[in-house]
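Sequence lines set the chain letters: A, B, ... in the order given, protein chains first and strands last, and positions in each chain run from 1.
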Protein chains: 2
Amino acid sequence: MSADTSSDDCEDTREAIMKATYRALRDNGTADLTIQNIADEFEKSKSLLYYHYETKDDLLVEFLGWLIDRNAEFLDSDDVETTVEFVEAMIPPEVDEERAGFRAAFVQMRAEAASDPDYREQFTLYDRLFRETLVELIERDIEAGRLRAVDVDALADVLLSTIDGAMLRYATTDDDVMPTTREGVDRLLASLRGDE
Amino acid sequence: MSADTSSDDCEDTREAIMKATYRALRDNGTADLTIQNIADEFEKSKSLLYYHYETKDDLLVEFLGWLIDRNAEFLDSDDVETTVEFVEAMIPPEVDEERAGFRAAFVQMRAEAASDPDYREQFTLYDRLFRETLVELIERDIEAGRLRAVDVDALADVLLSTIDGAMLRYATTDDDVMPTTREGVDRLLASLRGDE
DNA sequence: CGGGGCTGACTGAATATTCAGTCACCAATG
DNA sequence: CATTGGTGACTGAATATTCAGTCAGCCCCG
C-alpha cells in the first residue's frame, strides 16, 4: 500500500543531486569535484547537499553506486543474448555525445580506486559481475555452436580488458579508438566461430 | 669540452623532486597529492619546490612527461623485436611490486586526461607512439611469416586496448587479471600464426 | 502553528604560494 | 693571499586562497 510512484521530494532531490554530481565530474574532473562545483550544477543550494548527505564522502559513495548502476543499464536496455551483442553494447559503433561524457566520468571515478580501498572494493565487484556475465554468454555461445570451444576464462578476460581499455583510451585521448578496436574484436570473434 | 656528466645540482634536484612526486602519488593518490605530501617524500624543503617550479600545476605537467618516459623505458630496456615480446613487456607474467605502484600512479594521471586538455594531449601522443610501434612490429611479423596476414590497424588497436584495459583493471580491482588476460592474448596470437 | 525542505552568510582547517634572509661557493681585485 | 661582492641553492615563517562543513532562520504546506 506504500506509495511507490508518489511525488517523493526527497528521492527526487537526491536523484537531482546525483545528476548534478555527474555533470560536475564530467566537466571539471575529480581534481575539481568540489561541493561548490556540484552545487553550481544543482538548481538548489549548496547547504541542501548537507541536508541530504552527512559529508562529501557520503555523497560520493552513493554517487559511485549510482554511476555503476547506470553503466550496468547499458546491458539491460539492449537485450544482450550473445557475446557479440555484449561487445556491441559496450563498444557501440555510433558516436554518442552523452555516453562520451559518461565514460569520462566513469574512468575518473575508477582511477580513484587505485588508491582508495572503498572504491576499489566496489570496482572489484563490478568487474566480477561483468566477467561472470561474459563467461555465461561465451558458454552459451559454445553450447549453441556459435563459438568454437575455447578457454572460456581466458577469452572472457581478454574481451573485458579490451572493452575497458577501449573505454580508457577513448576517454583520455583525442583519437577515436572505438571503431578500429571494435572491428578487431569482431574479426577475432569471427575467427572463433564454428569453422574448426 | 662542456662537462655533461658533472654534478649538476639543479638537474639532480629536479630529478629528486620527480621521484618524490612519484612516491607521493603512488602512496596517497591524486586526491591527496598535495605540495606538502610531495615535500614529505622529498629530503629538502617545501619552498624549494617553488624555487624549481612556478606552480603546482607546472610541477605536475613536468611530472606527467617524466612518468610517460619512464613507461616507455619498459619497451627499450628489454629489446622488443616481435609482437609477442611487446605484449610480454607490457603484461609481464611475474608479479612486480614496484611496477604495481607504477601502474597505480600511471592510471591515476591518465584518468585526469579525461577532463584536462594538457594531460589529454600528452596521452594522445603517448597512445599514438605505442600504436605506431605495435603496427611496425605486426608488419614485421607478417613479412617474416610469424603472423598470418591480418588487418594490421585492427589488430594493433585490439592489442593496445587489451594492454591498457589489463592495466586499468589490475590497478583498480583486487583480482589479478594479468595472467588470464595474458594467456588469452597468447592464444589469440597463436591462432594468427602462419597456419592458414 | 509546527515541522520538513531549504537558504545565505559564515568559519576553521587545509593548502598553495610568497618572501626575506642564510649559506656555500666562486671570481675579481688590491 | 685576504677581502669584497655576487650568485644560485635553499629554508622557515608568514600570507593568500580554497573548501568542507555549520548554523540561525525563512518559507510553505498540512
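Rounding to whole angstrom units, CD of residue A:Glu43 and P of C:dG5 are separated by 15 Å. Spacing between atom NZ of A:Lys44 and atom C1' of C:dG8 amounts to 16 Å, rounded to whole angstrom units. Atom CD in B:Glu11 sits roughly 14 Å away from atom C1' in D:dG8 (whole-Å rounding). With rounding to whole Å, B:Gln36 atom CD is found 11 Å from C:dA16 atom C1'. Put simply, CD1 on B:Ile38 is 15 Å from C1' on C:dA14, counting in whole angstrom units. If you take CZ of A:Phe42 and C1' of C:dT7, they are 12 Å apart, rounded to a whole angstrom.
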With 3.5 Å as the limit, what N/O pairs link the protein to nucleotides 20-22 of chain C?
none

Pick out the pairs of N or O atoms, protein on one side and nucleotides 24-30 of chain D on the other, that lie under 3.5 Å.
none

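In the region residues 47-61 of chain A, proximity to DNA chain D at under 4.0 angstrom, judged on heavy atoms, holds for A:Ser47, A:Tyr50, A:Thr55, A:Lys56. Contacts with DNA chain D (heavy atom under 4.0 Å) in residues 13-34 of chain A: A:Thr34, listed by number.
Checked against ring pair (Phe, Tyr, Trp, His ring centres under 6.0 Å), A:Tyr126 has the following partners two or more places apart in sequence or in another chain: A:Phe106, A:Phe130. By the salt bridge (charged side-chain N to carboxylate O under 4.0 Å, His left out) test, B:Glu88 is found to be paired with B:Arg182, residues two or more places apart in sequence or in another chain being considered. Applying the salt bridge (charged side-chain N to carboxylate O under 4.0 Å, His left out) criterion to A:Glu62, with sequence neighbours excluded, gives A:Arg14. The side-chain contact (heavy atoms from CB on, under 4.5 Å) check on B:Asp40 picks up B:Gln36, B:Asn37, with sequence neighbours excluded.
At distances below 3.5 Å, not a single donor-acceptor pair connects side-chain atoms of B:Arg187 with backbone N or O atoms of A:Val150. Judged by distance alone, with hydrogens and angles left aside, the side-chain atoms of A:Asp151 form a donor-acceptor pair with the main-chain N or O of A:Asp153 at under 3.5 Å. Proximity of a side-chain donor or acceptor of B:Glu85 to a complementary backbone N or O of B:Glu81 within less than 3.5 Å is detected.
Among pairs with a residue in residues 133-143 of chain B, those fulfilling side chain to side chain donor-acceptor pair (under 3.5 Å) read B:Thr83-B:Asp141, B:Asp141-B:Arg146, at least two apart in sequence or across chains. The side chain to side chain donor-acceptor pair (under 3.5 Å) pairs that include a residue from residues 20-30 of chain B are B:Thr30-B:Gln108, where partners are two or more places apart or lie in different chains. Listed by first and then second residue, the salt bridge (Lys or Arg N to Asp or Glu O under 4.0 Å) pairs that reach into residues 107-123 of chain B are A:Asp174-B:Arg120, B:Arg110-B:Asp127, B:Arg110-B:Asp164, sequence neighbours excluded. Residue pairs that meet the salt bridge (Lys or Arg N to Asp or Glu O under 4.0 Å) test with at least one member in residues 94-106 of chain B, sequence neighbours left out, do not exist here.
Criterion: ILVMFWY side-chain heavy atoms under 4.5 Å apart, direct or through other members. Under it, A:Trp66 and A:Leu125 are not part of a common hydrophobic cluster.
Of the residues near DNA chain D, B:Cys10 and B:Lys46, the one whose nearest nucleotide (by heavy atom distance) lies more toward the 5' end is B:Cys10.
A donor-acceptor pair shorter than 3.5 Å cannot be found between the side chains of B:Ser161 and A:Thr162.
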